[in-house]
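Data first, discussion second: the structure below is written as C-alpha cells.
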Amino acid sequence: MPVSTPAATLLWFRKDLRLDDNHALQAALDRGNPVIPVYIRELEDAGTGPLGAAQAWWLHYSLANLSKALEKLGSRLILRQGAAEKVLRALIEETGADAVHWNRRYDPAGMAIDKEIKAALRADGLQAVSHAGFLLHEPSKVETGAGGPFRVYTPFWRALEKQGDPPPPVDAPKHWHNPTQWPKSERLADWHYLPTKPNWAVEFDSVWTPGETSAHQRLKQFIDRGIRNYKSQRDFPSLPHTSGLSPHLALGEISPARIWHATIGLGDDVGTDDYVHFRKELVWREFSYHLLYHFPNLSSRNWNARFDSFPWKTDSASLTAWQRGETGYPIVDAGMRQLWRHGVMHNRVRMITASFLIKDLMIDWREGEAWFRDTLVDADPASNAASWQWVAGSGADASPFFRIFNPITQGEKFDPEGAYVRKFVPELAKLPNKLIHRPFDAPSDVLTAAGITLGKTYPKPVVDHAKARNLALEAFKHMGGKG
DNA sequence: TTGATTTTTTA
DNA sequence: AAAAAATCA
C-alpha cells in the first residue's frame, strides 16, 4: 500500500443486510477513508447455531441483493468464510485496513465472539467499533426498578414507553468511498445456501422477495393498508393484516427504528389502538431479546425449571404427522403446510400448532423450536425460543394456569369461513363452513359429497383433543415444584 | 395473545 | 334457548 493512500475501513455486515439506517455503515463512511464491505460466513461450531434451511434460502437472495445495491455505489460485497477473527485479520493484512465497524448482535454466542474480537483488534492498535440498530433499545439499558430483568411483558412495555422513540433513522448513503483495489471474494453460489431438497421451497418466491427494497415496499404497503384495523384483524390468518416484516427484520434488511418511526403521525383513519398494538408486537420481539440476553440458554433450557420434570413423550410418528400437516385437525394441518410451502406461518396459527405439539402430543417444545428454526424464513433465535416457551408454559409471562388451545374452537373463531384451511388443505375444500374445522364430526353422507374418505384422503385425528387435554392437565398437575 | 363451566341476560 | 358475561383454573 502506498503511504499516500488512507487506510481502509472494513464494514462487517452480519444481521444488518441493509444500507438504510445502518449506523456502522454511516460511521465507516464518516471516517472519509475507503470502505470495504465484507460478509463472513461463520463456522457452525462458532456457537452461533446452525442456519435454518429456509433462512439460508432467504440469506442467499439477501446477500445477492445487498451486493447489487453496493455495486450501484461502485462498491462490492466481499464474501469470506471461516472464524470471524481470522477472516478479519486476513482482510486487514490484505487491504491495510486500520478499522472495523459493525452493528451489534444479541445472541449469546455472537456477543461472546464479538467481545473477543473487539478486544483483540484493539490490543493491536486497530479501531474496532460496534453500533446499535438491531433492536429499538439496548438490552443492557432496560431493567426493572429493582435493577433486574423483566419477567412479565406489560411492565417491560411500560418501561420501553418511558424510554420514548428510538433515534430517528438515517437514510441510505448516496455515495461511497471506494478503494482503488479490492480484496478477493468468494462466490455466493459456492456457499450452497439454496436448498437441494427437491420440491421444497419452490413456492417461496411467490410469497417473498428477500432484500431491502422489498422490505421497504412491505412496510409501505402495511402502513398504507394493513395497519388499519390491525388490532381487530391481525388474528385472522386469511386476512392481509399482518406486516410480513419478520423475515426482513430477522436478517436486518430493515431496522426496527425505521418501522417504529413509520408508525408516527399516521392519519386519523388508523386508530390509536391499531398502531399501538403493532408497536406492541415489535416490542414482543424486543422482549424476547431481553429474555435471551438475561437467559442465554433460552432455546435449550426451560426458563421455568419446574418444567424440567414434565413427562415429555418420544413419539416420532406423531412428530412426523405434525411436521407434515397430517394430524387430522384442519387448522393445525393448514398451518404446518403453510410453513412447509411458504416458509412462514400466521402468528395465531403458530400458537395453535405449537400448543398442539406440546399439549396434545406432549412432545417437548424443543422439537418444535428446532423444526420452526429450520423451516421459517423469519427464524429468530430470541423470538422463536421465547415464543415456544411461552406456549409451553415454561416461559416468561406464561399464565399461571396450563393454557391449552382448542384446535377446533380456535379454528372456528379465527377462520370462520374456513378460507385459510381450504387454501392449505384443499382436500377439505368442499366441506361446509360448519364442519370445516371438525371433519371427524361430519356425517358420512356429507363426507362422501365432499369427496373425503377419512383415513384415506384426509387423516383421522392423531389424538382425541378432549382426552389429550386431560392427560396433559394430569401431567402438569404432577410436575414438581410450585407454579 | 385461553378454555371450560357457571351464571346472567336477552329474545 | 341461546348468547353474553363472569368466574376459575
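Sequence lines set the chain letters: A, B, ... in the order given, protein chains first and strands last, and positions in each chain run from 1. Here the structure is a predicted model, which means the values were calculated and not measured. Hydrogens, waters and symmetry mates play no part in the numbers below; they use all other heavy atoms, side chains included.
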Regarding A:Arg258 and A:Asp171, does a basic nitrogen lie under 4.0 Å from an acidic carboxylate oxygen?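 Answer for the salt bridge query: yes.
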Between [X] (side chain) and [Y] (backbone), is there a donor-acceptor pair under 3.5 Å?
X	Y	answer
A:His346	A:Arg234	yes
A:Asn384	A:Ala379	no
A:Asp333	A:Gly328	yes

Nearest whole Å is fine: how far is C:dC8 P from A:Ile404 CD1?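 For the pair A:Ile404 CD1 and C:dC8 P, the rounded distance is 20 Å.
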Just checking A:Trp322 against A:Phe356, ring centres under 6.0 Å apart?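 Ring-ring flag for A:Trp322/A:Phe356: false, centres at least 6.0 Å apart.
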Name the first nucleotide and the last nucleotide along DNA chain B (5' to 3') that come under 4.0 Å of a heavy atom in chain A.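 Terminal contacting nucleotides, 5' to 3': B:dT1 to B:dA4.
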